[in-house]
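Quick caveat: nothing in here was measured; it's all calculated off a predicted structure. Order of the sequence lines fixes the chain letters, A, B, ..., with proteins taken first and strands second; residue numbering starts at 1 for each chain.
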2 protein chains.
Amino acid sequence: MAATRMEPNESRRQALLRAAAEVFFEQGYVATSIDAIIERAGGSKRNIYSEFGNKEGLFAAIVRENSDSALSTLDAGDVEGLDLRATLTVFGRHLMEVYMSPPVVGIYRIAVTEANRFPELVKAFYEQGPGRTTSRLAEVLELARARGDIRAGNSERLAEHFVGMIRDNLHLQVVLGLRPAPSQEEVHEAVGSAVEVFLNGVATPLTPPD
Amino acid sequence: MAATRMEPNESRRQALLRAAAEVFFEQGYVATSIDAIIERAGGSKRNIYSEFGNKEGLFAAIVRENSDSALSTLDAGDVEGLDLRATLTVFGRHLMEVYMSPPVVGIYRIAVTEANRFPELVKAFYEQGPGRTTSRLAEVLELARARGDIRAGNSERLAEHFVGMIRDNLHLQVVLGLRPAPSQEEVHEAVGSAVEVFLNGVATPLTPPD
DNA sequence: CTTGACTGGTAATGGTCATTACCGTACATG
DNA sequence: CATGTACGGTAATGACCATTACCAGTCAAG
């Protein structure tokens with residue numbers, strides 16, 4: 001029915017990972033059956049067991065892959081030479097789009113659920129994803145502070161505030177399946193508003209403190 | 001072993017709900033077995049089936065109970081007569097403490113996971129919890145705007161920004177089991193910083209816009 | 001004491017699932 | 001053409017689980 005033979009294994013592996021990710025993200029770890037994955041990927045269960053060992057190994061491969069591919073930080077080059085407002089806007093839009101994308105929503109859901117079952121994986125997800133992103137933003141804010149664009153403060157904490165505004169109720173609603181991912185216009189609106197509040201919030205005061 | 005007889009049923013019902021909530025929140029819906037619940041609650045499976053019908057009914061009862069008891073909004077009286085800074089501080093601390101509390105973390109986890117399986121329940125959770133809280137804050141901001149304390153803007157969206165800052169990476173880390181709930185001091189620090197940024201962010205400008 | 005509503009304990013039923021085992025086939029190289 | 005390797009399909013094995021059934025004790029009213 002499907003292609004009868006493929007390259008040694010890399011593309012089959014990818015097909016398995018893609019199909020498995022879909023099912024895991026939809027149903028959760030426990031409710032996902034190997035049969036359901038095979039139904040989507042084609043082939044036979046032996047593929048999964050010879051490539052990933054068992055269900056847990058397959059799951060781990062998915063989490064690792066999606067953690068760093070989808071949640072990677074913005075490249076330094078992307079914000080090179082931009083002022084703080086533009087940097088935050090680019091950063092915020094990118095972040096919101098990533099957080100709302102189906103694979104990241106899927107990973108996010110399953111990380112929250114399986115925190116007890118797979119603590120190591122969840123730690124890796126956080127550090128490579130949200131943690132790294134926030135640190136990256138903190139560096140940007142640190143530079144801005146050094147230039148005098150914003151007033152002194154704990155850059156790490158300020159970065160968390162900004163990231164929190166990006167991952168607000170809109171994100172929660174998407175994660176809960178209560179509404180679809182926002183359009184590009186909605187993203188621009190929400191991020192614009194957040195940038196505005198944040199910039200004013202951290203700006204150097206017009207009047208010196210008493 | 002346990003008490004041999006109790007009042008008609010109310011306290012037994014509560015005991016079942018409490019034990020079931022623990023297991024559901026730890027293991028997730030699918031992985032929770034009725035036997036595991038009975039092991040914690042004592043008694044026999046017949047109790048559960050005669051009181052809640054089936055596993056789904058028990059789960060629904062838990063979600064409903066915890067959605068409105070734990071995530072209820074702040075009473076209007078609690079912020080009566082306070083200025084905006086104090087109001088936001090009280091509001092923010094209360095919100096963060098609630099969001100970090102074990103039952104709400106549990107409900108949050110399971111809502112995220114079971115969004116596909118129980119859409120109605122999840123909708124009710126959101127509306128009674130985060131949704132209502134945010135609307136309540138939006139009303140507060142609307143009043144402040146009318147008094148000229150803050151500049152014009154979409155109050156609903158501003159409220160989302162604030163709530164987002166309260167539910168930032170700290171919350172995510174707790175939900176993911178990567179760190180324990182923050183101490184009261186940590187809550188005060190984080191909320192204080194968020195209030196500061198937010199207040200400056202939405203303040204009426206010292207210089208009129210050009 | 002008798003009866004009945006309720007409860008605990010335990011087993012039966014029917015279903016699902018992870019994991020492994022088998023069987024036959026297609027392909028690639030010799 | 002011969003043969004080994006990897007594959008698809010399907011079934012076997014052993015475990016777990018929701019739900020129901022069955023049995024026996026306990027309490028309270030008559």
- Query: Has the side chain of B:N169 got a donor or acceptor atom that lies under 3.5 Å from a matching backbone atom of B:L172?
  - Reply: no
- Query: Nearest-Å distance, CZ (A:R12) to P (D:dA6)?
  - Reply: 12 Å
- Under 3.5 Å, is there a donor-acceptor pair linking the side chains of A:S155 and A:E142? yes
- Message: Less than 4.0 angstrom between a side-chain N/O of A:N47 and OP1 or OP2 of D:dA6, yes or no?
- Response: no
- Query: Is there a donor-acceptor contact under 3.5 Å from the side chain of A:S193 to the main chain of A:E189?
  - Reply: no
- Message: Any salt bridge linking B:R93 with B:E97? Criterion: basic side-chain nitrogen under 4.0 Å from a carboxylate oxygen.
- Response: no
- Query: So do A:F91 and A:T133 actually touch side chain to side chain, heavy atoms under 4.5 Å?
  - Reply: yes
- Using the ring of B:F24 (Phe, Tyr or Trp, six-membered ring only), decide whether B:K55 places NZ or CZ under 6.0 Å from its centre and within 45 degrees of its axis. no
- Query: Could you run down nucleotides 16-25 of chain C 5' to 3' and tag each one B, S or - for protein heavy-atom contact under 4.0 Å?
  - Reply: -SSBB-BB--
- Task: Measure the distance from CZ on B:F52 to C1' on D:dT19 and round it to the nearest whole Å.
- Result: 16 Å
- Message: In this structure, how many angstroms lie between the C1' atom of C:dT10 and the CD atom of B:E39, rounded?
- Response: 14 Å
- Message: Measure CD/A:E51 against P/D:dG8 and give the value in whole Å, please.
- Response: 12 Å
- When the distance from CG of B:L16 to P of C:dG8 is rounded to whole Å, what number comes out? 9 Å
